[in-house]
Every structure is written in C-alpha cells, then in structure tokens.
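Only one structure is covered here, and it is reproduced in the block below.
All values reported here derive from a predicted model rather than from experimental measurement. Proteins get letters first, then strands, A, B, ... in listed order; numbering begins at 1 in each.
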2 protein chains.
Amino acid sequence: MPTVNPDPALRPNLADVTPAFTPLYRQIKALMTRDLQAAVWRPGEGIPSEKDLALRFRVSQGTVRKAIDELAAENLLVRRQGKGTFVATHNEEKVQFRFLRLQPDDGDANRMQRRLIDCRRLRANADVANALRLKSGDPVVQVRRVLSFRDKPVVFDDIWLPGNLFQGLSAEQLANYRGPLYGLFESEFGVRMIRAEERIRAVAADAQAALHLGVALGAPLLSVERLSMTYGDSPVELRRGLYDTTAHHYRNHLN
Amino acid sequence: MPTVNPDPALRPNLADVTPAFTPLYRQIKALMTRDLQAAVWRPGEGIPSEKDLALRFRVSQGTVRKAIDELAAENLLVRRQGKGTFVATHNEEKVQFRFLRLQPDDGDANRMQRRLIDCRRLRANADVANALRLKSGDPVVQVRRVLSFRDKPVVFDDIWLPGNLFQGLSAEQLANYRGPLYGLFESEFGVRMIRAEERIRAVAADAQAALHLGVALGAPLLSVERLSMTYGDSPVELRRGLYDTTAHHYRNHLN
DNA sequence: GAGTGGTCTAGACCACTGA
DNA sequence: CAGTGGTCTAGACCACTCG
C-alpha cells in the first residue's frame, strides 16, 4: 500500500523550520548530510550501498537515490557505477584546484608551484571577523603565499582562517604538504570546503603585490575575494587573491 | 514485461555518435531539444504535459520526467507545479540579466539604464570570425553601448553578431526595445542564448573606455569576454565588456 | 559471478494552480 | 473540481567493476 510517508517517525527527527511539507528524500538527504558533517563517512571513503541505505531508512531505493542525486549534484558525494558512492575529497588527482578558475591563455595544464610567504597567528580586525562570523579580536591565522606558473608568479594569496579551527597550522606544515591547501584542511583539520562565493574586481597593484608578482606599481590586477563555506553554510575561510592576468584569465561558465 | 527499450524504433532516429549505450531518457531529451531548436515550442509557451509526452514517445512518465529534469537543469525549460512546463525565455521579470554577474557593492536592485553608442554592419576580422566560426570578411553587426547604474556609467559593451542571423538589426530597434538584449534577440530574430563562457581579466582603461566610463586613463577595469552559444553549442555572440568595479563587483558562486 | 549504481515501468497518491 | 507537476513504491533488468 503506497503511502507518501510510510514511516512518519522520520519526520520528528528533523529540526522543523521547514516549508510545511518536506519530501522524504529531503529528510533522508538531511540525515546523510549530518553523517557527512559528523565525519561518520570520511572524505574518499565509500558510503553504504543504495540498497543498504534504503533498508536503514525504511524507504525505497528510488527515494535514497534522489537524496544521493542532490548530494552528488552539490559535489558532496561522487557516484561511480559498479563501485559505489564515495565522499568527495579535495585530495584527488582529478578534482584538484576545484575552486581555482585561473587558466593560462594558451596551453592547458594547471601545474603551479607554491611559495609560502608567511603564516602568522593574530587577532581578527572588524572586516575579517565580520566575514568569518567571529568577534573582533578573536584569534585568526593569516597565510600568505604566491602561486607561480612556469616560474612566473601569477597569484598572490592572502588567507584568513578561524584560529580555533586551525590550532596546529604552521609554516612548516604548509611547506611540506603536497596537494592542494583544501586537501590539507580536510585531512589535517577536518574542515571541508563545499561551497564558496567570490567577488571579483580590477584593482591597481600596490607595492606589496607589485613586489610579489613582479609587475609595475599600479598595474591592473584581478582581485578575487573568496569566502569559503563548510557544511551548514558556515564560513571558514576568507581569501583575497591578486591575479596577474597578463597571460592568464579567469574562466567562468554561465548557464 | 519491462524492457529497457520497449520501442527500439526510437534509436535510429538519432545521429549516432553516441557512446555505445544511450539511455531512453537521453533520446527523449534529444528529441525535445530538437523541437525547442525548431521553435515547435516557443519561448514562454507551455509544452505538452508529462502524461501527453509519455504517450507520444511511448515511454513511462518517469522517463519523460528525467528528460525534462535535465532540460530544466540546463535552463531550457521551467517547471511550474500545478501549471505545466514552459520554454524558458529571456523576456521575463524574474530572470532578466541572467548572464550579467555585476552587482553593486551595496544595495541590491539591478536597474540599469542603457545608452546605445552605435550599431554598425561591417566585415569580421580574423579574431571575431574565428570566435563566431565565420570566415574572415563575413558580414557582422557591431553594437556598442553603455550601461549605467544611478546615472553612473559602469559597463562599456562591445558586441559582435553574425550578420546573416541578425539581418534587420538597427540602432532604432535597439533604442526602442524594452527589456534585455537577449530578449530582443530571442523574440525578433529567433536566436536564443542558452549558455556562455567568459574570460575575465584586469586591464588598464584606454582612451575610449576612459571616455565612456568616465574614469582616468589607465584606471583598472574588468575585461569580460563572453562567447554566447545557442542550441548545439553554436556560438552566436561575441562580447567584450569593460566594467568599472569601483562600486560594483562581479559575483560568482563556486560549487 | 556477485555487487554496485543506472534505467525503466506501472501505478498510487500528494501538493499546487486556476477556472 | 480537473489537470498539472512532485513524490513514492516495488520490482525488473541493464551496464559496469572487480575478484
């Protein structure tokens, strides 16, 4: 006997700020997101099969599928036919630099060298605190670095992180880690970036940027302000990148 | 008796450069896309109900649904519960300026005034021809204009269109049309933009840009090169916008 | 071959819209 | 109220991966 909510007991499980009607698959999705957030399922690992989940949640496989569909569309999960469904990770050959939209005008590869400038612990000013939802004066970590392409510096990054989430972060650790920054955040600090918003403008190079990027004072640079969010749209990184777009461009696809 | 392809006659209908196996719903999707492209279903109009389509294609409603799901995800169709499924259009209050990512730093609204500079017919140079997949010397239309926000010029657009697709396009028509440019292209020339790629860089204002945007010579501007595609990824517009990002920014969401 | 995700069906019922 | 899209089920079979 098909009924829309065969197990109404599921409903009370959820914090109900919901729009009066929440389909089952969204409730399942919420439950799965909770397990992802709590690291019950860890990045790179496989989650239970659709059949198992259907049994566990006492719904049909189709309903679980729809939940997973949405999580996969949001890049939280990755499906691999014949193998299983896996928790997305920033530590993978394929999906590295997922958030870096800068590309060389010609050529293809994105092999970039990194050079760390400094990594300091200090107190958040009003702007940083506001963006990261902290209080002014709260501890933050600042990381500055340069990315180079074929030995030519292209990106000057200025990064702020909440101090309490990134306790042990050190210059040494940053220098030694291989793979993208977000991979380190994920595996060493359990902080997974799932979404980000960027504000892009054109600015004139100041002395510091000119020095690190090897351009003239006042040269036009792309300023990319990024706020990265983890589960629950909680902001956990503020980053300001200055890009030299002489031989590179920021690529965007509009749909 | 459930079989994956109850009507194998469907398969031969499609140009088969396909990856050995094409699911039914993708074949349905291709057929529907064909009808969209041929303007059998026109922008703003409703398409047949899922039940009707299921009957017509001799598949189950679920299969039609999956085809429509993808078309809706690509913004070719819009679903409205209780009403029907409609062909997306650029002529709607809600979705205007779908491709313009520029926003004022404060405030919200996107009310922009337009000022047409000129609209000329000329011959494509190598760059324009290459981008639009034309031959050098083929006829093109160039449109230049300025967008202002609160009487302050913010965007200087330089637009190239294939001459043969936009025969009657005139300065007068451009000046009189209310609503977004892509709305006019859609309703007057049957050319619908469904996708675009942008290359963004920071550049220094030249004399012309400085004049039209009211900024100093050499001031940093955002250069946004956009190539817009219609059905079949056929490029039909090349646009170079220069944005004054003093009080505005280009907003992007990363997933 | 067993196990996974992917496709497809047939049918029921729910939520929403508008006449 | 009828008609639309949206959800859900149960079950079958297909495509893919790997031991």
Side-chain angles (χ1 to χ4, degrees), chain A residues 1-11 14 18-32 41 45-73 76-88, chain B residues 1-11 14 18-32 41 45-73 76-88:
Chain A
M1 57 205 93
T3 129
V4 173
N5 280 308
D7 184 2
L10 268 172
R11 287 184 178 279
L14 302 165
T18 53
F21 168 68
T22 310
L24 243 188
Y25 74 86
R26 281 213 194 274
Q27 303 174 44
I28 306 292
K29 183 185 170 190
L31 291 173
M32 294 179 67
W41 303 325
E45 293 180 0
I47 70 169
S49 74
E50 296 179 353
K51 214 179 63 172
D52 285 355
L53 290 170
L55 282 171
R56 174 184 307 187
F57 293 128
R58 305 217 276 144
V59 298
S60 80
Q61 182 178 337
T63 301
V64 169
R65 253 192 95 68
K66 193 146 187 187
I68 295 179
D69 277 345
E70 291 203 353
L71 291 169
L76 298 189
L77 295 177
V78 177
R79 322 187 81 134
R80 286 186 212 141
Q81 179 170 128
K83 300 174 74 173
T85 302
F86 301 80
V87 181
Chain B
M1 46 188 110
T3 130
V4 173
N5 280 307
D7 185 3
L10 268 173
R11 286 184 177 278
L14 302 165
T18 53
F21 168 68
T22 310
L24 244 188
Y25 74 86
R26 280 213 195 275
Q27 303 174 43
I28 307 292
K29 182 185 170 189
L31 291 172
M32 293 178 69
W41 304 323
E45 294 180 359
I47 71 170
S49 75
E50 295 179 354
K51 214 180 62 171
D52 285 356
L53 290 170
L55 281 172
R56 173 185 310 188
F57 293 128
R58 306 217 275 144
V59 298
S60 79
Q61 181 177 339
T63 300
V64 169
R65 252 191 96 68
K66 194 148 186 186
I68 295 179
D69 278 344
E70 291 202 353
L71 291 169
L76 297 189
L77 295 177
V78 177
R79 322 187 81 134
R80 287 188 213 138
Q81 180 169 130
K83 299 174 75 173
T85 302
F86 300 79
V87 181

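Picking from D:dT9, C:dA15, C:dT9 the nucleotide with the shortest atom distance to the side chain of B:Q81 gives C:dA15. When distances are taken from the side chain of A:S49 to each of D:dG5, C:dT4, D:dA15, the shortest belongs to C:dT4. With D:dT7, C:dC8, C:dA15 as the candidates, the nucleotide lying closest to the side chain of A:P23 is D:dT7.
In this structure, the side chains of A:L53 and A:I47 come closer than 4.5 Å at one or more pairs of heavy atoms. In this structure, the side chains of A:L76 and A:M32 stay at 4.5 Å or more apart for every pair of heavy atoms.
Each of A:Y25 and A:K83 was assigned the nucleotide of DNA chain D with the nearest heavy atom; the assignment lying further toward the 5' end belongs to A:Y25.
The distance from atom CD of A:E50 to atom C1' of D:dA15 is 14 Å, rounded to the nearest whole Å. Across the protein-nucleic acid pair, A:L24 atom CG and C:dC13 atom P stand 17 Å apart, rounded to whole Å. Going from atom CD1 of B:I28 over to atom C1' of C:dT9 covers 13 Å, rounded to whole Å. Computed from coordinates, the A:L53 CG to C:dT4 P distance equals 11 Å when rounded to whole Å. Rounded to an integer number of Å, the gap from A:K51 NZ to D:dT9 C1' is 17 Å. As a whole-Å value, the separation of B:F86 CZ from C:dC16 C1' is 13 Å. C:dC8 atom P lies 15 Å from atom CZ of B:R58, rounded to whole Å. One can place CZ of B:F21 at 14 Å from P of D:dT17, the figure rounded to the nearest angstrom.
Contacts of residues 61-73 of chain A with DNA chain D (heavy atom under 4.0 Å): A:T63, A:K66.
When atom types are taken as modelled, the side chain of B:Q27 and the backbone of B:T22 share a donor-acceptor pair closer than 3.5 angstrom.
In this structure, B:R58 CZ and B:T63 OG1 are separated by 13.5 Å, a value rounded to the nearest 0.5 Å. Here the CZ-CD1 distance, from B:R79 to B:I68, works out to 5.0 Å after rounding to the nearest 0.5 Å.
Partner of B:Q61 under the side-chain hydrogen bond (donor to acceptor under 3.5 Å, both in side chains) criterion, chosen from B:K51, B:K66, B:E50: B:E50.
Side-chain N/O atoms of B:R79 include one lying less than 4.0 angstrom from OP1 or OP2 on D:dG6. Applying the 4.0 Å criterion to OP1 and OP2 of C:dG5, one finds that A:T85 has a side-chain N or O inside that range.
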Between B:V87 and B:L77, is a side chain to side chain contact (heavy atoms under 4.5 Å, CB included) present by the stated rule, with each step listed?
CA-CA 5 Å; B:V87 181; B:L77 295 177; 4.3 Å; yes
